[in-house]
Each structure stands twice: as structure tokens, then as C-alpha cells.
Amino acid sequence: MAQQILFTRNIAATLDEVLAAYDYDRLFLLTDNNTGQYCRPLLSESKVLATARCINILPDDTHKSLDALASVWQELSDRHASRHSMMINLGGGMVTDLGGFAAATFKRGIRYINIPTTLLGAVDAAVGGKTGINFNGLKNEIGAFAPAEAVLVSTSFFKTLSREHLLSGFAEMLKHGLISTTDTYNRLFTLDLSMPDSEEMLACLEQSIAVKRHVVEEDPFEANIRKSLNLGHTVGHAFESLSHKRNRPVQHGYAVAWGLVCELLISHRLQKFPLDVLRTFAQYVKQNYGVFVISCDDYDYLYERMTHDKKNTADTINFTLLSGVGEVVINQTASRDEICVALDLYRDLMGL
Ligand code: GLY
């Protein structure tokens, strides 16, 4: 699954260079309402993109749907896309996931390029070939492994992101730090998120994406070590579901940050993850992400959501744990009691 990942300070020129290496008959550009309005202008210097046929979809995860997917297929069909066409997905994870899946399935697959416009998209969704849509109330329920030909990463898109969006993406960088090395992990805490277009951000982003790239190249279909990327997500997805049930949805990365705290607690108890690192991490999360409020009345629901996780086998909840920073232990499980203890400790640490 070789995937070209390019970091650039001149996104329009880089796009033209990349496209020049491909032979295609028609070029399509997929945007959502936001990226069409705010990000497309940053590519106005691209001569090649001026020739693209534009397809637009509604933004947000709620539109990562079969209807939106069908509308993209319809446009591709009506506008004579062939198997030799090329698609560019310009957007956050919703656009790159849905656009990647549309491309992967149209006429059994056309090539595509991702240009992530959010930090979360750049560090996670756009890289590694997971594509798909939500279905039947379940996130990413239908999809395919289908890597983009290239991913073009430019921090120029991040300048207009809210602090909340930046922190959401940053949570996945924290996860990449935790599963890689102490140096990569520690460097993240020196970053100033008020300067998303800085050289230091670009350097940390390159390092973080390299962590994901390395894991994905070793295990593209998540048979083993790619499961390390699920750290924080078993509990994180359950928190995210609870936030939707409460009609107060939280951003994915926020749920991951709180999920990381819980899964480091489980790691501490089952794998001896060092307490001092855990405490400092939890403090950082509390200061920057705030607290996701739970009480013991929520435990049944949270546990039930964890039992539905895609990563589980049979009736066992699958966790990725750590015995230290960079020391990943995949295919672990924890009993219901152990999970409830971790939730109790999370509440203690977060002052709930
Ligand atoms: N987002 C986790 C993965 O790509 O495997």
C-alpha cells in the first residue's frame, strides 16, 4: 500500500506537479460547502485544477451517508467519468472518507488524491486507505481499504481552523506520540497550537504522519500492528456515542483524548504503564480538552457501546494497551469490572 505523502508550502504548485505524473481523461474535484468556499481559493493558482469538474456535497458527519455517496456517483456518471478519470478530495475526514469510497467503487475504482484541510484529516483520515460512510446509525459501517494515490499536506489550510478543531486533530497526534517514541511524544507538548502554520507544527505533523504511515505500510488491513492506531478509541467511541445520545455531540478528537486517559488507566493496571506519565497526560487533557462528565449511571451504556466496537472478536472487547510510551500491546481485553474501575479512576483524576 505505497502512498505518496507530500508536505508542501505551495499546495497549488505541488498539486500541478503531482497531477503531471498521471495520465487521466477527466479530472473531478470533490468539496463540501465549507471547503468549496474557504479552501478551494487557496488552490486558485493551480492551472490543472481549473480544468476539473466540481462536485459538491453538504458538510458534516451527518452527511457521510448513502444519499451523499449516491449523489457523487450520480455526478460522476452524468459527467462521464471513466475508469481512467482522477478525483481530488478537498476536505476533512468526511470528504476524504466518502470521496475515497466513491472513487474506490465507481466503475470498480478510479484513482484519487486527498488534500486534507483539517488537522484531524491530515494526521489520520486522509492517510492509510480507510474509506467509507456511516450506515444504519453506525460510523464507518460500510467502506473499503483503498489508498489515495497521493496525500498532499499543507498547513496553510489550518490557519482558519478553530482551536477546537485543532485540538481535535491534535488528540490523534498525541496518540501517535504515545505509540511511537518518548522523543516524538514529548516534542508535542512544546507545540503552540495558536500557530498552526508554524515550521514546528509542520515538523511535528510530518513526524506524526510518519508514525501512521509506518504502521499502515506494515499492516495495511489491520491484521495486527495497525490495531495500535486504535489506542484510546474503544472508550473514546463510547464517549462519542454517549455525547450524541445526550444531544451534545463532542468532536471526535476530544472523545479520543478522554478515551486515551481511560485506556492509559487500564494500561497502568494491566500493563504497568508508568503512573507519572499517566498523571501528566491526564492533567494536560483536563487543562486543554476539559472534562467529559460521566457518572456511574452511564457505565452500562458505555460498556454496551464498547461491546459493539468493530475491532472486537466474538464477545471480547479488544483493547490496544501500552506498557510504556512506544511499548504497544495489541489484542488485549479487560473485564467489565476492570473497565468500570478505569472509569471510576478517570472520574477521580478529572475531579468529577
Ligand atoms: N484511524 C485508524 C486507522 O487508520 O487505522
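Note that the coordinates shown come from a computational prediction; the quantities given were computed from them, not determined experimentally. Residue numbers count from 1 along this sequence. Remember, it's 1-based here, ligands and their atoms both numbered in the order they're listed.
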- Message: Which heavy atom of Ser243 sits nearest to which heavy atom of Phe292, and what is that distance?
- Response: CB-CE1, 3.9 Å

- Task: Ignoring hydrogens and angles, state whether a donor on the side chain of Asp16 or Ser46 is under 3.5 Å from an acceptor on the partner side chain.
- Result: yes

- Side-chain donor-acceptor pair under 3.5 Å between His233 and Glu240, yes or no? no

- Residue from Leu188, Leu120, Leu178, Thr184 passing side chain to side chain contact (heavy atoms under 4.5 Å, CB included) with Met173: Leu188

- Query: What part of Asp124, side chain, backbone, both or neither, has a heavy atom within less than 4.0 angstrom of ligand 1?
  - Reply: side chain

- Of all protein heavy atoms, the one nearest atom 5 (O) of ligand 1 is Arg226 NE, 2.8 Å

- Message: In this structure, does ligand 1 have an atom that sits under 4.0 Å from one of the heavy atoms of Glu172?
- Response: no

